[in-house]
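First the structure, in the form of structure tokens, and then the observations on it.
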Amino acid sequence: MATSIAHRATGIALSAGTIIVAWWLLALAAGPDYYDTFSAVARHPIGQIILFGFVWSLAFHLLNGIRHLAWDIGLGFDVQTANRTGVFVIALSLLLAVVVFASAYAVQGLRL
């Protein structure tokens with residue numbers, strides 16, 4: 001039940017997150033001054049939290065969507081399996097988001 005609600009919430013978050021992606025692309029196309037503004041906002045701790053939430057939403061929505069596809073072909077419907085796969089999706093999506101952020105920090109030469 002919680003993963004179903006989270007799936008819907010992450011879908012909404014991804015829709016809102018496309019505004020961030022659009023801002024990033026527009027700032028990139030507009031030149032260094034505009035991109036510096038975007039970069040300053042994205043590097044701020046609140047910006048980092050928002051970006052992490054966007055990355056986690058993407059990972060969760062993708063993995064839970066795969067889980068739903070398995071359900072569409074009749075796999076994983078018993079309660080024990082559904083609960084296990086739900087926990088797996090949550091854990092793996094958090095792990096993926098952390099790996100993406102750790103990789104980004106490593107590429108930039110920053111420390112966590």
Side-chain angles (χ1 to χ4, degrees):
M1 177 72 129
T3 55
S4 179
I5 294 167
H7 189 77
R8 288 169 175 80
T10 56
I12 292 167
L14 290 174
S15 297
T18 57
I19 295 168
I20 296 169
V21 174
W23 181 24
W24 172 60
L25 291 172
L26 288 170
L28 191 61
D33 292 336
Y34 293 101
Y35 190 78
D36 286 343
T37 302
F38 173 82
S39 182
V41 171
R43 288 177 188 265
H44 189 275
I46 293 172
Q48 292 286 292
I49 291 168
I50 291 170
L51 289 174
F52 184 84
F54 180 72
V55 171
W56 175 76
S57 293
L58 184 60
F60 179 85
H61 204 77
L62 172 70
L63 294 172
N64 205 47
I66 293 169
R67 181 174 170 236
H68 278 266
L69 286 174
W71 288 354
D72 288 344
I73 61 173
L75 299 174
F77 267 127
D78 74 80
V79 175
Q80 189 176 14
T81 303
N83 287 339
R84 243 188 261 145
T85 58
V87 169
F88 179 74
V89 162
I90 292 167
L92 188 57
S93 65
L94 283 170
L95 178 66
L96 282 172
V98 168
V99 166
V100 166
F101 260 64
S103 299
Y105 281 125
V107 166
Q108 293 177 2
L110 301 174
R111 293 185 186 175
L112 292 175

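Keep in mind the model is a prediction, meaning the values are calculated, not measured.
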Side-chain polar contacts of residues 22-38 - donor-acceptor pairs under 3.5 angstrom, sequence neighbours left out - could you list them?
residue : atom : partner : partner atom : Å
T37     : OG1  : D33     : O            : 3.2

Sequence neighbours excluded, the answer for side-chain contact (heavy atoms from CB on, under 4.5 Å) partners of I46 is H44, I50

Tracing side-chain contacts under 4.5 Å among Ile, Leu, Val, Met, Phe, Trp and Tyr outward from I49 reaches none

Across all chains, not counting sequence neighbours, the side-chain hydrogen bond (donor to acceptor under 3.5 Å, both in side chains) partners of T10 are H61

Residues passing the side-chain contact (heavy atoms from CB on, under 4.5 Å) test with T81, sequence neighbours excluded, are D78, T85

Excluding I66, membership of its hydrophobic cluster (Ile, Leu, Val, Met, Phe, Trp, Tyr; side-chain heavy atoms within less than 4.5 Å) reads L62

Members sharing I73's hydrophobic cluster, built from side-chain contacts under 4.5 Å between Ile, Leu, Val, Met, Phe, Trp and Tyr, are L75

The reported gap from NE2 in H7 to CZ in R67 (rounded to nearest 0.5 angstrom) is 10.0 Å

Sub-4.5 Å side-chain heavy-atom contact between V55 and L58: no

Using distance only, find each side-chain donor-acceptor pair of residues 87-97 under 3.5 Å and give its atom names and separation, not counting sequence neighbours.
residue : atom : partner : partner atom : Å
S93     : OG   : W56     : NE1          : 2.8
S93     : OG   : V89     : O            : 3.0
S93     : OG   : I90     : O            : 2.8

The side-chain hydrogen bond (donor to acceptor under 3.5 Å, both in side chains) partners of S4 (sequence neighbours excluded) come to R8

Tracing side-chain contacts under 4.5 Å among Ile, Leu, Val, Met, Phe, Trp and Tyr outward from W71 reaches F77

